[in-house]
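Just below is one structure, and these are the notes that go with it.
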2 protein chains.
Amino acid sequence: MSTNASNKKRRVTQADVARRAGVSTAVVSATLNPNSATGVRVSQDTAKRVRAVMRELGYTPNPIAQSLARGKRNILGVFTYESVFPSERGNFFYPMLRGIEMQVSGAGYDLLLFTSAQTAEAPRQIFAGGSNRLGVADGAILLGQEPDSSELERLADEGFPFVTVGRRHSGRVELNWAAAGYAEATSEIVSHGHELGHRRIAYVGGATIREQQQDREAGFRSAMHRLGLDQGPDCCWHIDPETLDAACLESILSRRVTLILAETLKHAERLEDLLRDKGMYVPQDMSIAVLGTPLEDTKSILRWTRFEAPREEMGREAVRLLLAQLDGRLNGPAQTTLPCKFIPGDTLRPVTDGH
Amino acid sequence: MSTNASNKKRRVTQADVARRAGVSTAVVSATLNPNSATGVRVSQDTAKRVRAVMRELGYTPNPIAQSLARGKRNILGVFTYESVFPSERGNFFYPMLRGIEMQVSGAGYDLLLFTSAQTAEAPRQIFAGGSNRLGVADGAILLGQEPDSSELERLADEGFPFVTVGRRHSGRVELNWAAAGYAEATSEIVSHGHELGHRRIAYVGGATIREQQQDREAGFRSAMHRLGLDQGPDCCWHIDPETLDAACLESILSRRVTLILAETLKHAERLEDLLRDKGMYVPQDMSIAVLGTPLEDTKSILRWTRFEAPREEMGREAVRLLLAQLDGRLNGPAQTTLPCKFIPGDTLRPVTDGH
DNA sequence: CTCGTTTGATAATGCGCTTAATCAGGGAGA
DNA sequence: TCTCCCTGATTAAGCGCATTATCAAACGAG
């Protein structure tokens, strides 16, 4: 019985096969890749003989060497700043990963998950130790929020092909992404509210503003403008759920708002708590819609009127864009916005006369 | 604005840095890997200068070339015969993947998911087109049931280091695995049933018998023997849930069994249906325990007395074994059995007098 | 009979990096 | 003064494969 433990016997190499078959390594290589338009030609007989020797010796080409020689790896990187398979976060990345796998599978690429550039203390980085681990791959897909957007710029500067899932903006370089249409989805919810008779609508979002939050707010503002519901600049609140207090709610209520768009479920729940303290209930006394889906899997989201990002489709599209880039089918920046799915829920109701 | 689309300008190479810094490539290499016990030494001053040039030129080492030169890739492969991120199957692999990622992260390895060797028609194979795609990795972890165990043997023959999650047996080669202790867990359930007064216990499993099924049955038989409950060889039924019919149930009942160990949830549910047709109910008239957890996420498992494989821990352990193998810390075969977790459920009750 | 062409193969180079072998020079000890 | 060893470097040889340039032989056409 042989064991597969560290077998130090040298791997069978192309040269071994060549020697045994009485041909040059070029012939072996050409036998292996028959359809590559190289100058080397192999007769049927020779090819058959070479293949026999390969089997006999158990030869298997070294993919690393192939990659180096070809300058192509057939590997797509997937990089996340957090754990790829989080536990607390539920399976937030899962649909995206599934989309990525679906699209990549059959395209002849493998998926490389970058887990190494991480120690117990230091967070994950692309440029760990000055070197870009992503380089093993032909290109990469970036998932999740990066703590430091300058890494993206550096990556782009290097000419490394990559696509982010979720919109990213840089003033300096043009980035590629497959994103959810948060602006459109938010706009749609405003229209929906309008149809239900809501005229005074507030937007309550977090204090830190990234691209995704920008999109939501932009969608809100443009819809309000379009519907002639402009209420001046102060119909948006930027405050984290933890610091959202009664005073803040007062300032919202003082504007006689009937519908609140809450950026996150946490905002919505916090608002509901504060409203309850005042004897007001959702949705009888106040409609609330949530602008998205929480990162963590939770049942409590189910009753809320909201929309959902097409996570699986975003993964697929990111792969499409990346492959197009690698094939040279694309020269300009590639940016796709995919529609979110509206979910009616139970927290957005028509305005009652009593309002 | 530059775009990161296919940038054809040649990558900055080690030679460029060397030339610019007025040193040899060996020095650049040594500057990059200071702690590798090579003969090349670099003074502080030179190192500083080289590093400056690296920054200036935006040099990043080519990991592929490094791998080829070192003969080490720092990549661990993860191979599944089915989709890594299945949708129908729920997230069966997810806990394993999480365990794998946890253990691999910080060990300085990346994870390569093999998704390429798959076309719409043909199933996934390790040796697609005669070549072993796994070779890009230093070693691999195999997940899920392989349709053809000969691939494992061939892999072992090649001396490729790998560990399977789940026990595998081959008469020809010694395999490495991190498995769940199905035998022990089954044995435990028998003991538990014995304590509750059950004396006549049946085992009902599927028609195809793999390692895991063997383990369960072995655990069952040894426990029965130990407790002096031997009922001859015919206390085990091998039949798929779809073909399990009333006649079969009769043959079980004729032995005046009070506890049935069902290999899968499907078996258990089928048995319950058949029992109900006879006016018998679980667990009043018959106790049933399920020997494991279904692959797909389903709520219907919750009420059943059963055990659960420690999937996350299996993933971690598989990585541990693989790394030990790669480090040469291990020479013999590495096989770990991890305990399952007993879950009381509600379908195993003490024997009533009426029985 | 000669010349261009096609077929089947080889030798040699390079991909970008690591590392073993080698070497120049400068103290320190005898 | 000569040898020995340590420091700081260079040279060159791979790693395993793809590919380009090159070549010999066979074959047809003119």
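In the text below, chain A, chain B and the rest are named by the order of the sequence lines, each starting its count at 1.
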Completion exercise
With the side chain defined as heavy atoms from C-beta on, B:Q14 is closest, among C:dC17, D:dC17, D:dT10, to C:dC17
Exercise for the section: Give the nucleotide from the list D:dT11, D:dG16, C:dT19 with an atom nearest to the side chain of B:S24. Expected result: D:dT11
Handout entry: Interatomic distance, A:N62 CG vs C:dC15 C1' [rounded to whole Å]
Key = 13 Å
Exercise for the section: Mind listing the closest non-hydrogen atom pair of A:Q325 and A:F162 along with its distance? Expected result: OE1-N, 3.9 Å
Practice task
Nearest whole angstrom, please: distance from the P of C:dG16 to the CG of B:L68.
Solution key: 12 Å
Exercise for the section: Give the nucleotide from the list C:dG16, C:dT10, D:dA18 with an atom nearest to the side chain of A:V27. Expected result: C:dT10
Practice task
Would you give the length of the straight line joining atom CZ of B:R49 to atom CZ of B:R20, rounded to the nearest 0.5 angstrom?
Solution key: 12.0 Å
Problem - Distance, rounded to the nearest Å, where A:M54 contributes CE and D:dG16 contributes P - result: 17 Å
Practice task
Rounded off to whole Å, could you give me the CD-to-P distance for the A:Q66 and D:dA18 pair?
Solution key: 5 Å
Practice task
Using distance alone, with no hydrogens and no angle criterion, decide if B:Y94 and B:E312 have a side-chain donor and acceptor under 3.5 Å apart.
Solution key: no
Fill in the blank from the handout: Rounded to whole Å, the CZ-C1' distance (B:R19 to D:dT11) equals 16 Å
Practice task
Check A:L111, A:I141, A:I75 against A:V104 for a side chain to side chain contact (heavy atoms under 4.5 Å, CB included) and give me the one that passes.
Solution key: A:L111
Handout entry: Heavy-atom closest pair, residues B:N176 and B:A334
Key = OD1-N, 2.9 Å
Exercise for the section: For DNA chain C, find the residues of residues 39-48 of chain A with a heavy-atom distance under 4.0 Å and give them by number; none if there aren't any. Expected result: A:G39, A:V40, A:R41, A:V42, A:S43, A:T46
Handout entry: Atom-pair distance (CZ on A:R73; P on D:dG16), nearest Å
Key = 19 Å
Practice task
Please name the pair of heavy atoms, one in A:A107 and one in A:Q103, separated by the smallest distance, quoted to 0.1 Å.
Solution key: CB-O, 4.0 Å
Problem - Between C1' of C:dG16 and CG of B:D16, the distance in whole Å - result: 10 Å
Problem - OP1 or OP2 of D:dC17 under 4.0 Å from side-chain N/O of A:T13 - result: yes
Fill in the blank from the handout: On DNA chain D, more 5' by nearest nucleotide between B:A65 and A:S29 is B:A65
Fill in the blank from the handout: From CG of A:N33 across to P of D:dT19 the rounded distance in Å is 7 Å
Completion exercise
Among the nucleotides C:dT10, C:dT18, C:dG16, whichever has the atom closest to the side chain of A:V23 is C:dT10
Problem - Between OH on residue A:Y109 and NZ on residue A:K72, distance to nearest 0.5 Å - result: 2.5 Å
Practice task
May I ask you to verify if any side-chain N or O of B:T25 is less than 4.0 angstrom from the OP1 or OP2 atom of C:dG16?
Solution key: no
Problem - Options D:dG16, D:dA18, C:dC17, nucleotide nearest the side-chain atoms of B:A69 - result: C:dC17
